[in-house]
Amino acid sequence: MDVLLLLGLLGIGLLAGVMGTVFGVGGGIIIVPAMTVIIGLSAQEAAAVSLMGIAASSSYAASYFIAEEMVNVRLGMIILVPTVLGSIVGASLALELPEWIILALLAAVMAYSGIYMLRKPERLSAPPKGEKSQMVYRNRCEVGGPYREYQANRAGSSLAIGGVNGAIAGLTGIGGGSINVPLMNIWMGVPMKVSTSTSSFIISITSMSGALVYYLNGTLLPLVAGAVCLGMLGGSMLGARLARRIDGRSLRSQFAVFMFIMGAVSLLKAGGIL
Amino acid sequence: MRRKMSVSSLITINALRLGVLLTALGMMLFLLGDAGILTWREELDMLIDAGILLLILAPLLGAVALMASFLREGDRRHAGISLIVVLLVLAALAHGVL
């Protein structure tokens with residue numbers, strides 16, 4: 001590996017870290033297509049690199065949010081059980097499945113993420129309707145802010161969605177924040193900020209489980225993963241500073257278009273055209 | 001609660017820092033090796049591997065610390081759920097090894 005390639009990998013990681021933090025989506029959406037299309041890794045190798053980077057950067061963010069009491073650790077732990085299980089199954093399946101299936105699934109996830117980005121965030125704070133549960137929690141919704149009490153609904157069905165989310169994450173190498181956040185916010189009625197913080201916590205452990213399977217299987221390329229991971233960690237820190245200055249919402253539509261293009265590229269690669 | 005939670009954050013962040021340090025050091029030395037200045041390549045690979053393993057396992061260390069904090073609070077239900085999560089991750093580890 002030469003210095004230029006190493007710098008390129010650091011740059012991709014940095015970009016993924018910044019965009020992931022500013023737009024509130026996991027960096028995997030950028031890492032996986034970049035690794036397969038630009039660097040030329042297989043879908044499995046790209047997923048391994050992406051999961052490792054996500055595990056490191058999201059656990060850094062989650063640690064900060066846990067200290068600020070913005071993470072619902074108890075709810076996160078409950079959702080984590082099926083999600084981790086799904087992630088292990090997904091990563092194991094990815095090692096057996098043909099590459100085109102993973103790339104086609106990746107294209108579908110990217111299209112979904114693009115649509116998710118186009119949705120107005122305000123819509124996500126709609127109060128939940130339907131069945132009620134006894135799961136009452138108390139968290140801060142902003143750094144140093146007051147506590148807010150809320151009730152988490154539909155815990156049972158959310159476990160099934162968590163399992164599917166974990167499997168998709170393990171298969172494609174995408175963290176799953178774009179599924180986790182609406183699941184907790186719209187479906188369960190958890191406040192938006194708590195949902196995004198708890199999602200970071202869930203993603204950190206889910207990605208780690210998938211990355212472990214790839215690492216021990218020898219699919220994870222240490223030098224590539226190391227460079228991308230360092231870039232992502234740096235990007236996440238930079239992104240956290242930039243997010244205070246840039247209004248991420250105004251750039252969401254442009255980013256959604258980027259998602260659709262990358263999804264189309266993945267689909268073309270799945271079809272053997274690229 | 002805040003103090004106990006901070007312990008898990010502290011453990012995770014410090015494991016990540018150590019992982020970053022080892023990976024960055026390993027990569028810098030790798031570049032020196034690539035330029036022909038250093039010759040001990042196997043030791044460098046081990047350094048990068050150790051850094052990467054720490055970066056991957058940092059969330060697990062945090063989860064174990066959270067489990068301990070639930071136990072200290074007497075919240076057996078969530079301590080049990082945390083234990084299941086930790087065991088599942090260890091299962092992933094065993095699955096990868098086997």
Side-chain angles (χ1 to χ4, degrees), chain A residues 1-3 6 10 51-53 55-60 62-69 71 73-78 80-85 87-89 91-92 138 170 201 203-220 222-223 225-227 229-230 233-234, chain B residues 1-3 5-17 19-20 22-24 26-27 30-31 34-35 45 48-49 51-63 66-67 69-70 75 77-98:
Chain A
M1 182 186 288
D2 59 16
V3 180
L6 200 68
L10 274 169
L51 286 175
M52 199 212 136
S57 57
S58 59
S59 57
Y60 192 88
S63 302
Y64 171 74
F65 290 133
I66 286 175
E68 294 297 334
E69 293 176 84
V71 176
V73 180
R74 287 177 168 80
L75 183 64
M77 280 291 181
I78 293 170
L80 260 173
V81 176
T83 314
V84 169
L85 199 60
S87 172
I88 296 167
V89 172
S92 306
R138 197 165 165 266
F201 169 65
I203 287 169
S204 68
I205 297 184
T206 313
S207 307
M208 171 197 60
S209 316
L212 259 180
V213 174
Y214 285 115
Y215 176 78
L216 294 164
N217 194 270
T219 312
L220 184 75
L223 267 176
C229 197
L230 291 183
L233 276 167
Chain B
M1 185 71 176
R2 186 183 172 92
R3 189 185 62 79
M5 286 298 186
S6 294
V7 174
S8 79
S9 299
L10 211 65
I11 288 172
T12 310
I13 286 175
N14 283 321
L16 281 171
R17 280 179 184 154
V20 165
L22 285 175
T23 311
M27 288 176 69
F30 176 85
L31 287 176
D34 212 41
D45 286 349
I48 296 174
D49 274 345
I52 282 176
L53 205 56
L54 255 176
L55 288 176
I56 297 177
L57 290 177
L60 179 66
L61 297 174
L66 278 174
M67 186 177 72
S69 75
F70 283 135
D75 186 349
R77 183 177 168 228
H78 286 95
I81 295 169
S82 310
L83 179 66
I84 294 170
V85 170
V86 171
L87 287 176
L88 277 173
V89 176
L90 292 176
L93 199 71
H95 175 70
V97 171
L98 295 172

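Predicted model only: the values in this text are computed from it and were never measured. Chain A is the first sequence line, chain B the second, and so forth, proteins listed ahead of strands; every chain is numbered from 1.
- Closest heavy-atom contact between A:S59 and B:P59: CB-CG, 3.8 Å.
- Note: A:I88 leads A:V71, A:I88, A:L233, A:L51 in heavy-atom pairs under 4.5 Å with chain B.
- The distance from atom CG of B:L53 to atom CG of A:L216, rounded to the nearest 0.5 Å, is 7.5 Å.
- Residue contact with chain A, scored on non-hydrogen atoms closer than 4.5 Å, involves the backbone and the side chain of B:L60 alike.
- Contact annotation for A:Y215: only side-chain heavy atoms (C-beta onward) come within less than 4.5 Å of a heavy atom of chain B.
- Looking at A:L85, the atoms closer than 4.5 Å to chain B (heavy atoms on both sides) sit in the backbone and in the side chain alike.
- One distance of note links CD1 of B:I48 with CG of A:L223; it measures 4.0 Å at 0.5 Å rounding.
- Residue A:F201 touches chain B through its side chain alone, counting heavy-atom pairs closer than 4.5 Å.
- Taking all atoms of both residues into account, the shortest heavy-atom contact from A:M52 to B:I56 is CG-CG1, 3.5 Å.
- In this structure, CG in B:L66 is found 9.5 Å from CZ in A:R74, a value given to the nearest 0.5 Å.
- The contact between A:I78 and chain B is made by backbone and side chain atoms together, counting heavy-atom distances below 4.5 Å.
- With a 4.5 angstrom heavy-atom cutoff, A:L220 touches chain B only via side-chain atoms.
- The candidate from B:L90, B:L87, B:I81 with the greatest count of non-hydrogen atom pairs under 4.5 Å with chain A is B:I81.
- Of the listed residues A:S92, A:G76, A:A55, the one with more heavy-atom pairs under 4.5 angstrom with chain B than any other is A:S92.
- Of all heavy-atom pairs between A:P222 and B:I52, the closest is O-CD1, 2.9 Å.
- Taking CG of A:L80 as the start and CD1 of B:I84 as the end, the distance is 11.5 Å to the nearest 0.5 Å.
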